[in-house]
**Q** 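After the structure tokens below, expect a handful of questions from me.
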There are 2 protein chains.
Amino acid sequence: MDYIQISNYLKAMAHPTRLKIIIRLSRGPQCVNDITGLITGRQANVSQHLSLLRLHGIVDCRQNGNMKCYFLKNPKLIKKILTVFQ
Amino acid sequence: MDYIQISNYLKAMAHPTRLKIIIRLSRGPQCVNDITGLITGRQANVSQHLSLLRLHGIVDCRQNGNMKCYFLKNPKLIKKILTVFQ
DNA sequence: AAAGTTTATTCGAATATTTGAATATACTTT
DNA sequence: AAAGTATATTCAAATATTCGAATAAACTTT
């Protein structure tokens with residue numbers, strides 16, 4: 001990963017709503033509706049952030065009946081970054 | 001550090017030019033002129049990025065005669081983040 | 001199949017970031 | 001003190017990001 005890719009990855013993480021989502025997902029998978037509950041914002045906006053996170057390879061999801069379950073694609077990497085800030 | 005502060009810190013890092021500067025400074029202090037040499041851009045622009053990095057507590061500097069020497073304020077933290085991406 | 005849930009997409013306005021240009025400041029040497 | 005070198009600041013234009021509003025899509029239950 002070169003510095004351009006790293007900066008893209010960090011930029012995707014570096015939004016308060018997205019980071020909040022990431023922190024939540026670092027404790028386990030969640031569906032969109034539950035994630036929306038954490039955020040002061042609309043479901044559509046949460047979906048926008050989730051699709052950006054997916055585009056950058058930070059999260060992925062699987063259909064689960066009616067719902068979609070999001071999870072971190074590389075939880076180890078994310079957890080390492082988060083623990084640096086504690 | 002809460003998620004707002006963390007996202008601000010990550011945002012400050014998450015620009016290709018600034019990350020390049022940070023990576024360079026992780027190997028030791030450098031003056032503005034040397035840093036400018038790394039970047040495809042003007043000295044004034046490098047100064048802009050450096051002052052933003054300083055504002056966010058990522059770097060600091062000391063006057064060194066004619067020149068200003070920039071260095072990472074928390075090199076351990078930065079190095080931990082960078083090694084995650086290798 | 002109609003109604004209800006859950007999630008995604010598109011678009012435009014508001015906002016934030018980035019950059020170059022111009023110029024200022026500060027220190028050093030002559 | 002004038003000229004030279006190194007760095008910083010300000011402003012405006014260009015660009016990118018973010019969010020709400022509207023609505024679409026997909027699945028589930030009735």
Side-chain angles (χ1 to χ4, degrees), chain A residues 2-25 28-73, chain B residues 2-25 28-73:
Chain A
D2 68 2
Y3 75 101
I4 301 275
Q5 294 174 299
I6 297 174
S7 66
N8 282 333
Y9 199 93
L10 292 175
K11 184 156 67 176
M13 292 184 69
H15 182 284
T17 297
R18 290 196 294 270
L19 188 59
K20 203 167 189 178
I21 292 171
I22 289 170
I23 291 171
R24 180 61 192 84
L25 294 183
Q30 284 278 292
C31 72
V32 179
N33 209 24
D34 289 339
I35 294 170
T36 302
L38 302 173
I39 306 300
T40 49
R42 312 294 167 85
Q43 173 273 319
N45 189 233
V46 170
S47 263
Q48 287 170 330
H49 284 302
L50 284 170
S51 75
L52 189 149
L53 287 172
R54 195 152 63 103
L55 194 67
H56 283 81
I58 295 179
V59 305
D60 204 351
C61 61
R62 61 171 186 277
Q63 196 77 29
N64 195 345
N66 207 6
M67 316 194 315
K68 241 176 183 176
C69 200
Y70 278 81
F71 52 89
L72 295 180
K73 217 168 170 186
Chain B
D2 69 1
Y3 76 100
I4 300 276
Q5 293 174 300
I6 297 173
S7 66
N8 282 332
Y9 199 94
L10 292 175
K11 184 156 66 177
M13 292 183 69
H15 181 283
T17 297
R18 290 195 294 270
L19 187 60
K20 202 167 189 177
I21 292 171
I22 289 170
I23 290 171
R24 180 62 193 83
L25 294 183
Q30 283 280 292
C31 71
V32 178
N33 208 25
D34 290 339
I35 294 170
T36 302
L38 302 173
I39 306 300
T40 48
R42 311 293 167 88
Q43 173 274 318
N45 189 235
V46 171
S47 265
Q48 288 170 328
H49 285 302
L50 284 170
S51 73
L52 190 148
L53 287 173
R54 195 152 64 102
L55 195 68
H56 283 82
I58 295 179
V59 306
D60 204 351
C61 60
R62 61 170 186 277
Q63 197 76 30
N64 195 343
N66 209 5
M67 317 196 312
K68 243 176 180 176
C69 201
Y70 278 79
F71 52 90
L72 295 180
K73 218 169 170 185

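Lettering follows sequence order; numbering is per chain, from 1.
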**Q** Are any of B:H15's side-chain N or O atoms less than 4.0 Å away from OP1 or OP2 of C:dA16?
**A**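 No, no such contact exists.
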
**Q** For B:Q63 and C:dA26, give me the distance from atom CD to atom C1', rounded to whole Å.
**A**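 That distance rounds to 7 Å.
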
**Q** I need the residues from residues 48-58 of chain B with at least one non-hydrogen atom less than 4.0 Å from DNA chain D; give them sorted by number, or say none.
**A**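 When residues 48-58 of chain B is checked for heavy atoms under 4.0 Å from DNA chain D, the hits, listed by number, are B:Q48.
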
**Q** Which pair of heavy atoms, one from B:L19 and one from B:M13, lies closest together, and at what distance?
**A**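 Between these two residues, the closest heavy atoms are CB-O, 3.6 Å.
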
**Q** With respect to the phosphate group of C:dA8, does any side-chain polar atom (N or O) of A:Y70 fall under 4.0 Å of OP1 or OP2?
**A**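 Looking at the OP1 and OP2 atoms of C:dA8, one of them is under 4.0 Å from a side-chain N or O of A:Y70.
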
**Q** Under 4.0 angstrom, heavy atoms only, what part of the nucleic acid is B:G65 near: base, sugar-phosphate, or nothing?
**A**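 Sugar-phosphate contact only - B:G65 comes under 4.0 Å of backbone atoms but never of a base.
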
**Q** Go through the steps for A:K73 and A:I58 under the test side chain to side chain contact (heavy atoms under 4.5 Å, CB included), then give the verdict.
**A** CA-CA 6 Å; A:K73 217 168 170 186; A:I58 295 179; over 6 Å; no

**Q** Taking atom P of D:dT18 as reference, at what distance in whole Å does atom CD1 of A:I21 sit?
**A**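 The answer, rounded to whole Å, is 12 Å.
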
**Q** For residues A:A12 and A:R18, report the shortest heavy-atom separation together with the two atoms involved.
**A**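 Minimum heavy-atom separation between A:A12 and A:R18: O-NE, 2.7 Å.
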
**Q** Checking side chain to side chain donor-acceptor pair (under 3.5 Å) for the pair B:Q5/B:N8: CA distance, chi angles, key distance, verdict?
**A** CA-CA 5 Å; B:Q5 293 174 300; B:N8 282 332; over 6 Å; no

**Q** Report the distance from atom CG of B:N64 to atom C1' of C:dA26, rounded to the nearest whole Å.
**A**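 Checked: the CG to C1' distance equals 14 Å.
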
**Q** Test for a donor-acceptor pair under 3.5 Å between the base of D:dA8 and the side chain of B:Q43, counting only N and O atoms.
**A**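 Under the 3.5 Å cut-off, the side chain and the base do form a donor-acceptor pair.
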
**Q** Do you know which of A:N45, A:I21, A:V46, A:L50 makes side chain to side chain contact (heavy atoms under 4.5 Å, CB included) with A:T36?
**A**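 Running side chain to side chain contact (heavy atoms under 4.5 Å, CB included) over A:N45, A:I21, A:V46, A:L50 with A:T36 returns exactly one hit, A:V46.
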
**Q** Nearest whole Å is fine: how far is C:dT28 P from B:N33 CG?
**A**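 Distance check: B:N33 CG to C:dT28 P gives 15 Å.
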
**Q** Considering heavy-atom distances to DNA chain C, does B:R18 or A:V32 have its closest nucleotide positioned more toward the 5' end?
**A**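 Nearest nucleotide further toward 5': that of A:V32.
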
**Q** Respond yes when some side-chain nitrogen or oxygen of A:R42 is under 4.0 Å from OP1 or OP2 of D:dA21, and no when none is.
**A**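 So the side-chain polar atoms of A:R42 do come within 4.0 Å of the phosphate oxygens OP1 or OP2 of D:dA21, strictly under.
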
**Q** For D:dC19, take OP1 and OP2 only and decide whether either is under 4.0 Å from a side-chain N or O of A:N45.
**A**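 Yes, such a contact exists.
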
**Q** Using a cut-off of less than 4.0 Å, is there contact between a side-chain N or O of A:K68 and OP1 or OP2 of C:dA8?
**A**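 The answer is yes; a side-chain N or O of A:K68 sits under 4.0 Å from OP1 or OP2.
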
**Q** Would you kindly compare A:D34 and B:K11 by the position of their nearest DNA chain C nucleotide and give the one closer to the 5′ end?
**A**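 So the residue in question is A:D34.
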
**Q** Just wondering, do B:F71 and B:D60 contact through their side chains at under 4.5 Å, heavy atoms?
**A**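 In short, these two side chains touch, coming nearer than 4.5 Å.
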
**Q** Write down the distance between CG (A:N66) and P (D:dA26), rounded to a whole number of angstrom.
**A**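 Nearest whole value for this atom pair: 13 Å.
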
**Q** When rounded to the nearest 0.5 angstrom, what is the spacing between NZ in B:K11 and NE2 in A:H15?
**A**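 Nearest 0.5 Å value for the NZ-NE2 distance: 7.5 Å.
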
**Q** In this structure, how many angstroms lie between the C1' atom of D:dA6 and the CD1 atom of B:I35, rounded?
**A**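 It is 12 Å, rounded to the nearest whole Å.
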
